[in-house]
Amino acid sequence: MPLQPHHDGSARYVPEQEPALGDTVDVFVRVPAGADVREVHVRTTGDGEPGFTEAVVDRVDGDEVWWRAPVEVRNPVSNYRFLLTGRHGYRWLTAAGLVDHDVPDHGDFKLVSHAAPPAWARDAVIYQIFPDRFARSAAADTRPLPDWAIPCDWDTPVIGRGPETPYQFYGGDLDGITERLDHLDRLGVNTVYLTPVFPARSNHRYDASDFDTVDPLLGGDAALARLADAVHARGWRLLGDITSNHTGDAHRWFTAAVSDVRAPERELYYFDELTGDYESWKGVKSLPKLNWGSAELRRRFATAPDSVLRRWLREPYALDGWRVDVANMTGRRGADAYTHEVAALLRTVVAQTRADGLLMAEHGHDHTGDLDRDGWHGTMNYVGFTDPLWSWLRHGDHPLPNFLGTPGGVRRRDAGAVLATMNAFRSLVSWRAYTHSWQLLGSHDSARIRTVVGDAARQEVAAGLLATLPGIPMIFAGDELGLTGDMGEASRTPMPWHRPESWDQATFAAYRALVALRRNEPALRHGGLRWVHHDPDTLVFLRESPDATVLVLARRAAGSPVRVAGLPAGENVYGGAPALRPDAEGVVTLPGDGPTFQVWRAR
């Protein structure tokens with residue numbers, strides 16, 4: 001896989017990272033000196049009409065030629081691509097890759113002039129907590145059990161399937177989380193994401209009965225304020241979880257709507273005027289669907305001074321943003337198509353309430369049509385990261401379901417297919433949206449990564465890619481201890497604080513070291529991405545910033561050493577492999593052992 005002409009949206013290729021509408025910015029394309037490229041043009045489609053501008057050679061750096069061309073930010077999202085002309089014809093360079101045939105515009109590079117996501121997000125490492133299963137404070141023992149709950153002690157096995165699943169109640173609370181923040185500090189994370197904390201009739205609380213209070217079973221409003229104070233005192237961020245697609249059927253809006261057909265709350269939902277039946281999430285009647293065609297819903301949820309969205313972003317809670325549950329279905333029902341309006345509305349309200357607030361969408365499948373529209377800052381990137389990584393690293397023949405995946409579960413694929421999948425989804429959004437999306441190895445809705453990969457060695461490879469590929473890494477609480485679970489509900493495993501002997505200390509040490517590596521290497525947070533080699537068992541890539549270059553090797557199994565030309569010399573900073581030294585032909589040899597994860601910093 002020889003080095004190819006390359007461009008991405010990082011600062012080395014697009015120095016102006018936050019262009020305004022009407023600006024003209026320089027973009028750069030990097031061409032190996034021996035490539036068949038004599039001319040370079042940039043093609044834009046301002047106002048929908050194609051135009052070409054000739055690029056000029058900006059500099060020659062060693063064996064590489066850097067071409068420069070101006071691009072006008074004519075539209076809020078401005079597409080561009082490169083035409084590379086040589087002795088043997090021309091090729092296109094788009095975000096989808098280098099091709100020798102004409103391709104549609106949707107894979108072009110993109111400049112975005114919408115307001116940028118908060119600056120802190122690119123440096124975040126997210127730690128996801130499912131409150132019922134994380135930690136109990138002493139006060140949890142004094143609270144009466146709800147009538148729906150099946151009481152469980154901390155060692156009761158989690159029921160992964162069946163009608164009792166949402167009712168197992170372990171009693172974790174917010175003060176319990178506050179008491180365990182030192183663990184997060186040792187791990188090195190800096191952002192806490194809580195799944196819902198509102199009152200509900202389930203352990204997951206996505207069926208909220210109220211958006212205006214914190215569940216008393218979690219300690220109430222005061223406990224959230226205490227947790228927020230403790231998190232912010234460490235210089236960290238705290239994110240909440242809100243359901244914009246539905247409420248629970250015990251929510252006061254819904255109970256008012258079903259009790260009186262003339263109630264103002266009736267328009268907040270979808271009711272059949274003839275039968276009185278109502279729309280719900282995927283037919284689950286306890287989750288009635290919200291109707292975003294309602295101005296009153298928009299007011300209550302978002303725009304009013306005391307709206308749901310605003311209340312928790314203000315003191316004394318001062319949440320730093322929201323993860324929006326079922327964002328992909330929000331505002332979509334038959335002919336109704338309010339999704340992009342709602343996303344833009346919520347983003348506006350978040351920014352008005354706190355300028356550095358983050359708005360992240362849950363999207364379990366193709367998210368590419370919902371980003372770059374002045375709405376969600378990014379997505380939970382299951383389809384462009386989690387799923388392909390699972391398919392490369394999974395072990396055994398035990399059936400393993402995807403989260404919103406295909407029948408038959410996770411298939412085993414080689415690195416070429418994994419890379420093609422990642423690139424396909426990455427190419428359809430801007431670099432900004434891609435790097436501000438959450439990359440995750442699993443969540444409370446999926447199998448745990450240890451169950452997927454089978455052992456600590458492959459989990460280290462997975463965690464290494466989480467820490468070194470672009471995007472915001474998200475760790476599901478307990479993954480760093482090697483906890484297991486073969487599907488979403490079964491993965492909601494209580495943290496074994498009282499059984500430290502059960503912790504996989506080597507896995508915790510690997511996660512801790514990888515988080516520190518990401519924190520210490522700016523190129524891993526802000527650099528570009530250039531793939532330099534793959535074979536069925538191997539992925540090799542560079543993360544490059546204007547000031548530093550990092551080389552990453554991930555192998556799922558042992559094989560022959562990999563020889564790659566054009567790579568820099570470098571010192572190993574993770575994994576313990578020898579330093580890289582190009583030979584007389586400029587070729588470096590990467591180790592062939594595996595599974596292994598290795599990182600070098602270029603000299």
| field | Pairs touching residues 222-240 that satisfy side chain to side chain donor-acceptor pair (under 3.5 Å), sequence neighbours left out | value | D175-R226, D182-R234, H232-D320, R237-D320, R237-D356

| message | Side chains of H498 and D155: any donor to acceptor distance under 3.5 Å? | response | yes

| Which of parallel (below 30°), tilted (30 to 60°) and perpendicular (above 60°) describes Y317 and W312? | tilted

| note | When rounded to the nearest 0.5 Å, the distance separating CE of M380 from OG of S446 is 8.5 Å

| Given D221 and R311, is the salt bridge (charged side-chain N to carboxylate O under 4.0 Å, His left out) satisfied, shown in steps? | CA-CA 12 Å; D221 294 5; R311 168 181 169 80; 3.2 Å; yes

| said: As a quick check of understanding, evaluate side-chain hydrogen bond (donor to acceptor under 3.5 Å, both in side chains) for T484 and R448, giving each step before the final call. | reply: CA-CA 5 Å; T484 59; R448 283 196 181 266; over 6 Å; no

| task | Would you indicate whether the side-chain heavy atoms of W148 and P166 approach each other to under 4.5 Å? | result | no

| field | Interatomic spacing from OG1 in T191 to CD1 in I472 - rounded to 0.5 Å | value | 8.0 Å

| task | Taking atom types as modelled, find out whether N203 and Q168 have a side-chain donor-acceptor pair closer than 3.5 angstrom. | result | no

| request: Using only heavy-atom distances, determine whether the side chains of D455 and H395 contain a donor-acceptor pair under 3.5 Å. | output: no

| message | With a 6.0 Å cut-off on the ring centroids, do H444 and Y206 count as close? | response | yes

| said: Looking at every non-hydrogen atom in both residues, tell me the closest pair between R136 and E179 and how far apart they are. | reply: O-OE1, 4.2 Å

| task | Take R323 and D325 through the test salt bridge (charged side-chain N to carboxylate O under 4.0 Å, His left out) and record every step on the way to the result. | result | CA-CA 6 Å; R323 176 264 198 187; D325 182 58; 3.2 Å; yes

| message | A quick test of your reading: do over 12 heavy atoms of other residues, nucleotides or ligands sit less than 6.0 Å from CD of E571? | response | yes

| query | For D123, what residues pass the side-chain hydrogen bond (donor to acceptor under 3.5 Å, both in side chains) criterion, not counting sequence neighbours? | reply | R525, H526

| field | Heavy-atom check, side chain of T596 versus side chain of V461, under 4.5 Å | value | no

| message | Less than 3.5 Å apart, any donor N or O on the side chain of T451 or D486 sitting next to an acceptor on the other? | response | no

| request: With sequence neighbours excluded, tell me which residues meet side-chain hydrogen bond (donor to acceptor under 3.5 Å, both in side chains) with R201. | output: D147

| message | Are W438 and Y193, when compared by the centres of their aromatic rings, separated by less than 6.0 Å? | response | yes

| request: Check whether any side-chain heavy atom of L440 sits under 4.5 Å from a side-chain heavy atom of F476, and report yes or no. | output: no

| said: Distance alone, cut at 3.5 Å: any donor-acceptor contact between the side chains of T243 and N245? | reply: no

| said: Tell me whether the NZ or CZ atom of R347 lies within the 45° cone about the ring axis of W376 and under 6.0 Å from its centre. | reply: no

| request: Report yes if the side chains of L319 and R314 come closer than 4.5 Å at any heavy-atom pair, otherwise no. | output: no

| Under 3.5 Å, is there a donor-acceptor pair linking the side chains of Y382 and S443? | yes

| said: Any heavy-atom pair between the side chains of Y170 and W154 that's under 4.5 Å? | reply: yes

| task | Using only heavy-atom distances, determine whether the side chains of Y127 and E480 contain a donor-acceptor pair under 3.5 Å. | result | yes

| Can you check salt bridge (charged side-chain N to carboxylate O under 4.0 Å, His left out) on R161 and E489, steps first, answer last? | CA-CA 7 Å; R161 296 170 176 81; E489 287 82 357; over 6 Å; no

| Pair H340-R373, side-chain donor/acceptor within less than 3.5 Å | yes

| query | Taking atom types as modelled, is there a side-chain donor on S430 or D372 under 3.5 Å from an acceptor on the other? | reply | yes

| query | Are T213 and P199 close enough that some pair of their side-chain heavy atoms sits under 4.5 Å apart? | reply | yes

| Any side-chain heavy atom of F508 within less than 4.5 Å of one from L187? | yes

| message | Under a 3.5 Å cutoff, is there a donor and acceptor pairing between the side chains of R555 and Q598? | response | no

| request: Classify the ring geometry between W503 and H183 as parallel (under 30°), tilted (30 to 60°) or perpendicular (over 60°). | output: perpendicular

| query | Does a side chain donor of either D241 or T195 reach within less than 3.5 Å of an acceptor in the other side chain? | reply | no

| Modelled atom types, side-chain donor and acceptor of R450 and T507, under 3.5 Å | yes

| query | Between D387 and R413, does a salt bridge (charged side-chain N to carboxylate O under 4.0 Å, His left out) hold up when you go through it step by step? | reply | CA-CA 11 Å; D387 292 351; R413 293 187 171 92; over 6 Å; no

| Nearest atoms (heavy-atom pairs only) where L217 meets P144 | CD2-O, 3.6 Å

| task | For the pair S202 and D207, evaluate side-chain hydrogen bond (donor to acceptor under 3.5 Å, both in side chains) and give the outcome as yes or no after the intermediate values. | result | CA-CA 7 Å; S202 68; D207 56 333; 2.7 Å; yes

| task | Would you check if there is a donor-acceptor pair between the side chains of E460 and Y574 at a distance under 3.5 Å? | result | yes

| Are S437 and N381 close enough, and set up right, to give a side-chain hydrogen bond (donor to acceptor under 3.5 Å, both in side chains), and what steps lead you there? | CA-CA 6 Å; S437 290; N381 191 13; 5.9 Å; no

| Would the H367 and H365 ring centres measure less than 6.0 Å apart? | no

| request: Determine whether V599 and L517 make a side-chain contact, defined as any pair of heavy atoms from C-beta on separated by less than 4.5 Å. | output: yes

